[in-house]
Amino acid sequence: MSRVCVKFFALFREEAGTESTWVDTDAANLGKLFMEMGDRYNLNQSLQGVKVAVNDEMASFDDPVEDGDTVLFFPPVAGG
Amino acid sequence: MSRVCVKFFALFREEAGTESTWVDTDAANLGKLFMEMGDRYNLNQSLQGVKVAVNDEMASFDDPVEDGDTVLFFPPVAGG
Amino acid sequence: MNFSISTQPLDSGRLREALLRHDAGAFVAFEGWVRNVNDGRSVTRLVYEAYEPLAVKEGSKVLEEARSRFGLLDVACVHRIGALELGDMAVWVGVVSGHRDAAFPACRYVIDEVKARVPIWKKEHYTDGVTGWVHCPAEQSSAEGAG
Amino acid sequence: MNFSISTQPLDSGRLREALLRHDAGAFVAFEGWVRNVNDGRSVTRLVYEAYEPLAVKEGSKVLEEARSRFGLLDVACVHRIGALELGDMAVWVGVVSGHRDAAFPACRYVIDEVKARVPIWKKEHYTDGVTGWVHCPAEQSSAEGAG
C-alpha cells in the first residue's frame, strides 16, 4: 500500500471537482492508478494523449507507484 | 531604324557609366539590342538572370524593338 | 534561448528586440491569435492554463532541439495564460539564423512541438454560454484553434 | 494586401499592427537583416536600389499569388532601399491566415519570389573597402545575404 498525492489539471480537475487528493493505493503502476482515479472521480479515460508526471518529471504509465510520490494527471494538451 | 531610350540599372549603370541613353538601332528584337548595348558599353553579358522591360512592363528578349520605346535592362535581382 | 509562461499580454516588439544580432540574416516569427470562430462555433474568449514547472522544462527542451537540429543562432517562445479576448496573442515564437532555409522549418517545429507536448490547456467560451476544453487528438480541427 | 518600397527604417510593430484581425488564428513574419558577413567576407553596410514602378507591380503580383494559392486572409511586404547598416531590416513579410498550415509556406513563398523576381539590387561594402553587386544565380550563396 502506497500513499501518494494525486493532482488533476484542466478538464480532469473539473471532472474530479478537486485539484488534488491524498490516495492510499495498491495500484502496481501509474496506468493502474489512473484507472482507479478515473473510476472514482468519473474522469474521461477514453481521451487520446493523456500524460502523467511524477515529482515534476514526465513519467510513463508503466512506472511503479512509489510511496510519497506526487502524481500529476494531464489531459491532452492544447497550447497555441 | 528605331529610336529608343535605353536605361541601365545597378551593375549595368555602373558598367555603362550612364543611367540612360538614346539609341538608333536596327536590332530585330530586345535580345539583339542588349548585345548591341553590351558591346558598346562593356556590360557583363554572361550574367544569368538578366531581365528586360519595355515602357514599365516586363518584356521578353524575343519581343521586337519599337520606335519610341523606353527599354530597361535589369541585371540579376537580389532583394531580401 | 528562453521559454516562458506569461500572465501578461505579449509584446512582440520587445520579444523580437531581445533577439537582434549582427551575425543573423533571417528572422521568422509565429504568433497564435485568438480567433472568433473554431470548428464552426463562435468563440468569445479563451482561458489558458499551464502547469508551469513542467511547461518551462518541456518548452525549453523543444527550443534546444530546434536550435541544434536547425543550427539556429537563437530561438525563444512565450505562451500566455489566463483569460484572453478575441485578437489577443496566445503564443509567440521567434527564430534567428544565418539564412531563411533554417529559420522557417525551425519556427514551425517549435510551434508544432509546443502544441503537442507542453502542458498547457485551453478552454473555449462560446457565444451560447457553453464552454469546452480543446483536446487536440480527439478533435483534430479544434487543435488548430489559435493558429 | 500591400507591397511597398521604403526609404525609411522599417517598423515591424506598425507593419504587424496593420494586419491584426479577429478571424485570424495564425500570423507568420519574416525579416531579412543585414549580416556582418556574406560568403566569408566581412560586410560593413549594404546599399539597396529598386526600380520602384516595376518593383511595386511585380511585388503586388507575388502577394496576390500567395493570397490565392494559400487562402490567406491578408499578406504584406515592404522592402527598404538606400544605405543600410549592420542589423538593419532590409525586408519584412507578414502573413495572416486561419491556421498555421497556410501561413508558413505562404510567407516562405513571398520572400522567395520577391528575391527572385522583384527588381531590387544589392551592393555590398566590405571591410577592405571593396564593393560588389550581389548576383543571385551566379553566386548562389550570396543570394542569401540578408536572410
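Letters go in sequence order (proteins before strands), and every chain restarts at 1. Source: prediction; values computed, not measured.
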Report yes if some heavy atom in the side chain of D/Phe30 is under 4.5 Å from a heavy atom in the side chain of C/Phe27; otherwise report no. no
To the nearest 0.5 Å, what is the distance between CG (C/Leu20) and CE (D/Met89)? 8.5 Å
Over all heavy atoms of both residues, which pair between D/Val28 and C/Val28 is shortest? Give the atoms and the distance, please. CG1-CG1, 4.2 Å
Compare every heavy atom of D/Asp101 with every heavy atom of C/Arg108, then report the nearest pair and how far apart it is. NH2-OD1, 2.6 Å
What's the verdict on side chain to side chain contact (heavy atoms under 4.5 Å, CB included) for D/Asp112 and C/Arg100, showing C-alpha distance, side-chain angles and the deciding distance? CA-CA 10 Å; D/Asp112 284 355; C/Arg100 68 192 189 283; 2.9 Å; yes
Would you say that C/Arg35 contacts D/Arg21 through its side chain, given a criterion of any heavy-atom pair below 4.5 Å between the two side chains? no
Max heavy-atom pair count under 4.5 Å with chain D, selected residue of C/Ala103, C/Gly94, C/Cys107: C/Cys107
I need the residue from D/Ser12, D/Ala24, D/Gly13 with the largest number of non-hydrogen atom pairs under 4.5 Å to chain C. D/Ala24
Let me know if D/Asp88 has heavy atoms under 4.5 Å from chain C in its side chain, its backbone, both or neither. neither
Nearest-0.5 Å distance, CG of residue D/Asn38 to NE2 of residue C/His99: 7.0 Å
dist C/Asp23:CG -> D/Trp33:CH2 (nearest 0.5 Å) comes out at 9.5 Å
Under 4.5 Å heavy-atom distance to chain D, tell me which part of C/Asp11 shows up: side chain, backbone, both or neither. neither
Which atoms of C/Val93 come close to chain D, meaning under 4.5 Å heavy atom to heavy atom: side chain ones, backbone ones, both, or neither? neither
